[in-house]
Participant: 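Sharing a structure here in structure tokens format.
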2 protein chains.
Amino acid sequence: MKSEKKQGRPRAFDARTVIGQAREVFWDRGFSAASLDTLSAATKLNRPSLYGAFGDKEELYLDALEGYREESLDVLSEALDPALPLRENLARVYDRALAIYLHGETAARGCFLISTATAEAIQHARVREVLGRSLNDFDDAIKERMELAVKRGELPADADPATLARLASAVMHSLAVRARAGDTRETLEALAHSGVDLICGRK
Amino acid sequence: MKSEKKQGRPRAFDARTVIGQAREVFWDRGFSAASLDTLSAATKLNRPSLYGAFGDKEELYLDALEGYREESLDVLSEALDPALPLRENLARVYDRALAIYLHGETAARGCFLISTATAEAIQHARVREVLGRSLNDFDDAIKERMELAVKRGELPADADPATLARLASAVMHSLAVRARAGDTRETLEALAHSGVDLICGRK
DNA sequence: CATATTTTATACCGTTTCGCATAAAAATCT
DNA sequence: AGATTTTTATGCGAAACGGTATAAAATATG
């Protein structure tokens, strides 16, 4: 079924690639300020092609958000490899986050979700939904590792994994905001380091 | 000089009030999605009046950001009253923050700066500047109180006030983002509470 | 009261916006 | 090969956009 070739003229583009290119535009400008002209130029797709494949601008943006959420969860769970000590896990989480937040031609871009979806979250319920769900997913991924840490004795037996996870996420949220505001890598790394100390207990 | 009545037709509005009304619009929609029609309606000012008094849309937005920054600093330093114990100070900071973040007809509005200025920070350097400066000011205000706490013995002598202040701010940033994402007051209060515990030491 | 000055109101201008109609192009199916 | 189906390209169109020209209204000054 799925592998059968579709009738008609084949697409000259890969949908995931296009969503990724659109994401770059949204990341730099935000949803509202990103025009279809700019998106069309960045993806090298004419507007009718964009509409045919993804629907309107909001749906394309939602696709970009979903893609980011999924990729971020992958990065997160890779960083949380239970074979490593918890302290190292957290350090890796922040390290991977900073790699994303400080990447791009615009040195300081921050987190795609936090920097662009928050602005639209009031007016666009579906954006708010993705934002909320993503934050929860990140919390949950960290919580799982925290639960393991309690079982293993890496954390005190009375530590609450869910609470610690949300605090760990809080540091990540702050990294995201501060990166967008133009903080230097050194400053951000210092915050990350102190966050690890605070949550895992000072070494 | 200043109190001399200006020649010509007097203004029928108070500039600070108008900036406040404009802020409500920007807060809900973000900078880019806020149209001059909407701003004009919300302030009950015709467009030429807006332009005469504040310049273009970006300058009006910058005025709104500055006003928010100043008011927030006032709220912050009031919450950090050194007559109270540090733990109570921090709890008040988060309490006041949540009062702002959860206020408004749109239940979950978050922080004006973090929710709207981050989106524009890449394309508009002046917005990024205000955002960065505001975050620094908040950090500094908390740092001052932390320094006092170290002197007083509320915190260990080897605690670093600047670091602790930025971690305290991190929790606030997370509250801001999560409020905008639609988290309930209970959830946010729990995060605030655990943040106080973590930074001041569990009671 | 006449003049100067500033604010307000109406209306408009050129541009950009999003989205689509139309038709050509490129593939599969019969 | 011809019919069918889907994607691409060009270009349009109505609406909304930010911003301003113009003139009336309201005050201070002389």
Side-chain angles (χ1 to χ4, degrees), chain A residues 1-19 21-23 25-26 28-65 116 119-120 123-124 126-127, chain B residues 1-19 21-26 28-65 116 119-120 123-127:
Chain A
M1 283 288 184
K2 211 172 172 187
S3 62
E4 279 175 21
K5 281 200 175 174
K6 239 192 321 182
Q7 185 170 313
R9 178 170 175 173
R11 283 190 176 154
F13 62 91
D14 171 62
R16 288 174 49 107
T17 306
V18 167
I19 292 174
Q21 291 163 333
R23 184 169 76 192
V25 174
F26 286 129
D28 270 3
R29 310 192 176 219
F31 168 74
S32 297
S35 74
L36 281 178
D37 275 344
T38 314
L39 289 164
S40 179
T43 58
K44 282 164 189 160
L45 253 69
N46 299 310
R47 240 148 339 155
S49 296
L50 279 175
Y51 275 83
F54 307 104
D56 63 6
K57 192 173 106 168
E58 179 171 349
E59 283 196 87
L60 177 57
Y61 178 61
L62 286 167
D63 285 343
L65 288 180
T116 71
E120 313 298 330
Q123 301 284 318
H124 298 95
R126 296 175 66 190
V127 173
Chain B
M1 283 286 184
K2 210 172 168 185
S3 63
E4 281 174 19
K5 280 202 175 175
K6 238 191 325 181
Q7 187 170 309
R9 178 170 176 174
R11 281 190 177 157
F13 62 90
D14 171 62
R16 287 175 50 106
T17 306
V18 167
I19 292 174
Q21 292 164 332
R23 183 170 77 192
E24 294 297 310
V25 174
F26 286 130
D28 270 3
R29 310 192 176 221
F31 168 74
S32 297
S35 74
L36 282 178
D37 275 344
T38 314
L39 290 165
S40 179
T43 59
K44 283 163 189 161
L45 253 67
N46 298 309
R47 246 159 327 169
S49 297
L50 280 175
Y51 275 82
F54 307 105
D56 64 6
K57 191 173 108 169
E58 178 170 349
E59 284 195 87
L60 177 57
Y61 177 62
L62 287 167
D63 285 343
L65 288 180
T116 72
E120 313 297 329
Q123 300 285 318
H124 299 95
R126 296 175 65 190
V127 173

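By convention in this document, chain letters (A, B, ...) are assigned in the order of the sequence lines, proteins followed by strands, and residues within each chain are numbered from 1.
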Participant: So which protein N/O to nucleotides 1-5 of chain D N/O distances come out below 3.5 Å?
Facilitator:
from, atom 1, to, atom 2, distance (Å)
dT5(D), O4', Q7(A), NE2, 2.8

Participant: Identify the two heavy atoms, one from H124(A) and one from F31(A), that lie closest to each other, and give their separation to 0.1 Å.
Facilitator: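 Looking at all heavy atoms of both residues, the closest pair is CE1-CE2, 3.9 Å.
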Participant: So what does A53(B) hit on the nucleic acid, given a heavy-atom distance under 4.0 Å: a base, only sugar-phosphate, or nothing?
Facilitator: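 The residue A53(B) makes no contact with any strand.
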Participant: To the closest 0.5 Å, what do you measure between CD (E120(A)) and CG (L62(A))?
Facilitator: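 Rounded to the nearest 0.5 Å, the CD-CG separation comes to 10.5 Å.
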Participant: R11(A) has a side chain; which of dT10(C), dT8(C), dT7(D) sits nearest to it?
Facilitator: dT7(D)
Participant: Check the phosphate of dT7(C) against S49(B), side-chain N and O only, distance under 4.0 Å to OP1 or OP2. Yes or no?
Facilitator: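 S49(B) to dT7(C) OP1/OP2: no side-chain N or O under 4.0 Å.
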Participant: Can you confirm if the NZ or CZ of K44(B) lies within 45° of the ring axis of F13(B) and under 6.0 Å from the centre of its six-membered ring?
Facilitator: no
Participant: So which protein N/O to nucleotides 15-18 of chain C N/O distances come out below 3.5 Å?
Facilitator:
from, atom 1, to, atom 2, distance (Å)
dC18(C), OP1, A34(A), O, 3.4
dC18(C), OP1, L36(A), N, 3.4
dC18(C), OP1, K57(A), NZ, 3.2
dC18(C), OP2, L36(A), N, 2.8

Participant: Under the side-chain contact (heavy atoms from CB on, under 4.5 Å) criterion, do V18(A) and F54(A) qualify, and how do the steps go?
Facilitator: CA-CA 10 Å; V18(A) 167; F54(A) 307 104; 3.6 Å; yes
Participant: For P10(B), which contact category applies under a 4.0 Å heavy-atom criterion: base, sugar-phosphate, or nothing?
Facilitator: sugar-phosphate
Participant: Can you check the L45(A) CG to dT10(D) C1' distance for me, whole Å?
Facilitator: 15 Å
Participant: Is any side-chain nitrogen or oxygen of N46(B) closer than 4.0 Å to OP1 or OP2 of dT8(C)?
Facilitator: no
Participant: Check this for me: does any side-chain nitrogen of one of D37(A) and R47(A) sit under 4.0 Å from a carboxylate oxygen of the other?
Facilitator: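 Result for this pair is yes, salt bridge flagged.
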Participant: Looking only at non-hydrogen atoms, find the nearest pair between A34(A) and L39(A) and report the distance.
Facilitator: O-CD1, 4.5 Å
Participant: Locate the shortest heavy-atom distance separating A22(B) from T43(B); write the atom from each residue and the value.
Facilitator: N-CG2, 4.1 Å
Participant: Rounded to the nearest 0.5 Å, how far does CZ of R29(B) lie from OG of S32(A)?
Facilitator: 10.5 Å
